[in-house]
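Here is the structure we will look at, set down as structure tokens.
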Number of protein chains: 2
Amino acid sequence: MTMSRLWIENGIFVTMDDEALVVRGHMVVENDLIVYIGADAPDASLTEGAQIINGKGQLFMPGLINTHGHAAMSLLRGYSDDETLQVWLQQYMWPMEGKYQDEDTRTGTSLAVLEMLKSGTTTFVDMYDRMDIVAQVVEQSGIRAWLTRGAIGLCSEEEQRAKLEEAIAFAKNWNGKGEGRIRTMMSPHAPYTCPPAFIEQFVQAAHDLDLPMHTHMSETLAEVEQNVRDYGSRPVEHLLKLGFFSRPSFVAHGVHLNDEEIAILKAHQVSISHNPASNLKLASGVARVPDLLRAGVTVSLGTDSAASNNNLNLFNEIRLAALIHKGVSGDPTAIPALTALRMGTVYGARTLWQEHEIGRLKSGMKADFIALDIEQAHFYPQTDFISHLVYAASGRDVRHVWVNGRQVVENRQCLFIDEERVRHEAQVRFEALGQR
Amino acid sequence: MTMSRLWIENGIFVTMDDEALVVRGHMVVENDLIVYIGADAPDASLTEGAQIINGKGQLFMPGLINTHGHAAMSLLRGYSDDETLQVWLQQYMWPMEGKYQDEDTRTGTSLAVLEMLKSGTTTFVDMYDRMDIVAQVVEQSGIRAWLTRGAIGLCSEEEQRAKLEEAIAFAKNWNGKGEGRIRTMMSPHAPYTCPPAFIEQFVQAAHDLDLPMHTHMSETLAEVEQNVRDYGSRPVEHLLKLGFFSRPSFVAHGVHLNDEEIAILKAHQVSISHNPASNLKLASGVARVPDLLRAGVTVSLGTDSAASNNNLNLFNEIRLAALIHKGVSGDPTAIPALTALRMGTVYGARTLWQEHEIGRLKSGMKADFIALDIEQAHFYPQTDFISHLVYAASGRDVRHVWVNGRQVVENRQCLFIDEERVRHEAQVRFEALGQR
């Protein structure tokens, strides 16, 4: 392998590293790693043969980390909104998803990856089916991802077994692929869609394969009440009994949690993927994020799918996380800007057990980073870049994106996805779905 | 005056007009007015000599209407965040605002107008001081605005008189200027910052000049409680007694209202400018927007200032309005996408008594409209443009803007404001403010 070097000079770097949060100066990338960041010019030995980028007018920061979603559902963006969860699922989502073919998954996932990369997300979590196709899109596009076959267990034992085997085969085949960008997990869909024995089979498989676990948990109040009715305990205790938290794990949503449940999550180092837009849009409620953070639980951010958001722009989640908990708690100091930005970067990395690889710009970390145009009215005056990134920026300010040291977006164009073709196919395939 | 004509063909028009919400076809503008919109090609007599624009790949819609703000405070964007209201105001905002000079107001206002125009706002409301300077910026930039000298009455009677006279002189001098784009109002700042007699003087002046009124009202719970302590009534009853609602009027915020107050607002046709981001960020609470709309009160959207938001991108307020009331009420059908979009357009026009001039694309209306690039991943598939505009779009999707028939933004560049100079001056003047 030939060595590639990139030297960004004259840049503003929001590193998300506590020791030097904002650096005006230089960054050097060698292959997939950051090897230097600092105010002073790097040693000549580091920059020999490097491609040089003048960073003037741009702000560089770690790529964002989206810890929950269903990429292929982007094909259903705007197909149904403003309905109750049951109507939305049963009358709109499930019938359409039931008609999906491989190429629908490929197109929906490509559309999602396009949107995520162009709005600054460099790592995402995906839980869906036909995951081989999702992994192919990830491999080709250059993005980093944690992928998992989400299995609903409301079916015969034979079907359950087939789903488990599919999940195991996928997790084995793809873990570490794409130059290490792809990681896999085991995911029963949710306590309310999976019988206890089915969840236990996934836990066992995760132990056997030494993989982490992910699931939906406590998204709605109705689901918590049903869990108590069906199993005599709330979802956290239920999953604890089933051994779920004996694996490294994180859960999506966690909207309805009591203090005891928060303590259990903390004790087992279970992180929460907070999905504020989806929780608001589906009227699930507002998660107790300030309480979770105070208790020491790691909280990161997810978009959920574009069918319940309806975008995959993590800057929107960062801003929502900073705003909504202030308004709902009555405390304007709740979730300060820096905390919200950490939720989209450092805490995302911690959720995925990669805090020493991604989420910060620092020597030795993977070179996953983005460049925003800051020569725009909404970034002026340049008082506080953390504030501007949280309260004023948009994913559309992102101009360039690098993942694992490789540039994947240049001047707002994805380099490894044919955007025009994907948009065209999204339209054709969505219309065809409606006809089938 | 020579006649100017513009013919947009092959466009998608989200008209916000109930009779034909989405039109694929043509629009013709003659001078300041829309003279045709429809699926069929316009009559040749309408298009003779017209400039022709091919609308392919763009979505045209009415310019957004921002019904509350303080433009010049954009110079303090990011200067203080995540503080309690009193600390934010007393330790940060007021000391800096006290040092403002004319050129600070000019620069802050120019920065704000730049941001608003480029993100699709064509009409804004501004309440501040040094309003002659604000009006000059409006006149030059081409935007439409309702301007008013907001007067705080916590001062000597002599100072009160000077402020009232300044407000009257400004309102008289500027009403109807800028080819009719500038309209004026009378504005005591708020019930808690103005003694009753001072408010009555403004009401009298508004009667004498036949002008409408605007104020801040019931933004925080503390302010409502203080009103009861000081005057024996809640703010709505208080303003009613002082004759405020005998004038056409609208109020900003209206977060803390009881049913009786909502009925009074409805009976007097008082509209509310809902400022969701500012209310969340300052932890003021969540306004009862679904209840207000059900009661028949007109609710429009405002950004408030960039010091408490921290952007002036009304698409963000539209999205927040659609999301937050669902999550807080537990009803996913609260504030459907179309209602949120109306709040940013038609209801804004109604708030400003201009429903038959702006806020819709329709023959006979003023040509205030914007063009968004929709050949982007987040607008696909093209299932429902109303949904996409509310849940997926951003102000950064706006490419062109016309106000009063004149193009003021072309390919994301303001034609009548020197953006680079304004950004530079914003930085220089902000830094100088800190030194004074």
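Labels below follow one simple rule: chain letters A, B, ... track the order of the sequence lines, proteins then strands, and each chain is numbered from 1. Basis for what follows: all heavy atoms, side chains included, without hydrogens, waters or symmetry-related copies.
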- Item | Contact origin within Leu323(B) toward chain A - heavy atom pairs under 4.5 Å | both

- Note on the structure: Scored by heavy-atom pairs under 4.5 Å with chain A, the best of Ser110(B), Gly327(B), Ala112(B) is Gly327(B)

- Message: Out of Glu420(B), Arg396(B), His424(B), Glu425(B), return the one with the most heavy atom pairs under 4.5 angstrom to chain A.
- Response: Arg396(B)

- Message: With a 3.5 Å distance limit and no angle check, can you tell me whether Asn311(A) reaches the backbone of Tyr391(B) through a side-chain donor-acceptor pair?
- Response: yes

- Does Asn275(A) reach the main-chain N or O of Ser278(A) with its side chain, forming a donor-acceptor pair under 3.5 Å? no

- Message: Looking at Asn309(B) and Thr303(B), would you say the former's side chain and the latter's main chain have a donor-acceptor pair under 3.5 Å?
- Response: yes

- Message: If you count heavy-atom pairs within less than 4.5 Å of chain B, which of His325(A), Lys281(A), Gln376(A) leads?
- Response: Lys281(A)

- Bottom line for Ser119(B): the part with an atom under 4.5 Å from chain A's heavy atoms is neither

- Task: Against chain B, label His378(A) side chain, backbone, both or neither, depending on which of its atoms sit under 4.5 Å from a heavy atom there.
- Result: both

- Query: Out of Ala426(B), Ser329(B), Pro336(B), which one racks up the most heavy-atom pairs below 4.5 Å with chain A?
  - Reply: Pro336(B)

- Ring-ring centroid check Phe430(A) Tyr380(B), cutoff 6.0 Å: no

- Task: Start with the C-alpha distance between Asp81(B) and Ser387(A), add both sets of side-chain angles, then the distance that settles side chain to side chain donor-acceptor pair (under 3.5 Å), and finish with yes or no.
- Result: CA-CA 7 Å; Asp81(B) 303 296; Ser387(A) 167; 2.7 Å; yes

- Task: Measure Arg319(A) against the heavy atoms of chain B and call it side chain, backbone, both or neither at under 4.5 Å.
- Result: side chain

- Item | Atom group of Glu375(B) that falls short of 4.5 Å from chain A, counting heavy atoms | both

- Message: Counting only non-hydrogen atoms closer than 4.5 Å, does Leu111(A) touch chain B with its backbone (N, CA, C, O), its side chain (CB onward), both, or neither?
- Response: both

- Query: Non-hydrogen atoms of chain B under 4.5 Å away: do they reach the side chain of Thr220(A), the backbone, both or neither?
  - Reply: neither

- Portion of Ala393(A) that has a non-hydrogen atom of chain B nearer than 4.5 angstrom: backbone

- Note on the structure: Of the listed Gly285(A), Gly78(A), Ala277(A), the one with the largest count of heavy-atom pairs under 4.5 Å with chain B is Gly78(A)

- Item | Contacting moiety of Asp397(B), where chain A heavy atoms sit under 4.5 Å | side chain

- Under a 4.5 Å heavy-atom cut-off, does chain A meet the side chain of Leu320(B), its backbone, both or neither? side chain

- Max heavy-atom pairs within cutoff under 4.5 Å with chain A, candidates Arg423(B), His388(B), Gln382(B), goes to Arg423(B)

- Answer key: most heavy-atom pairs under 4.5 Å with chain A among Glu115(B), Arg429(B), Lys118(B), Glu431(B) is Glu115(B)

- Return yes if some donor-acceptor pair links the side-chain N/O of Arg399(A) with the main-chain N/O of Ala371(A) below 3.5 Å, else return no. no

- Checking Lys326(A) side chain against Ala334(A) main chain: does a donor-acceptor pair fall under 3.5 Å? yes

- Step-by-step side chain to side chain contact (heavy atoms under 4.5 Å, CB included) determination, Phe385(B) to Leu372(B): CA-CA 11 Å; Phe385(B) 287 118; Leu372(B) 288 81; over 6 Å; no

- Message: Any side-chain to backbone donor/acceptor pair from Gln427(B) onto Pro381(A)? Under 3.5 Å, distance only.
- Response: no

- Item | chain A contact via Glu419(B) - which portion, at a heavy-atom distance below 4.5 Å | side chain

- Message: For Ser80(A), is there any backbone N or O sitting under 3.5 Å from a side-chain donor or acceptor partner on Trp88(A)?
- Response: yes

- Query: Side chain of Thr383(A), backbone of Arg77(B): donor and acceptor closer than 3.5 Å?
  - Reply: yes

- For the residue pair Tyr92(B) and Tyr79(B), categorise the inter-ring angle as parallel (less than 30°), tilted (30 to 60°) or perpendicular (more than 60°). perpendicular

- Query: chain A heavy atoms under 4.5 Å from Ser284(B): which part of the residue, side chain, backbone, both or neither?
  - Reply: neither

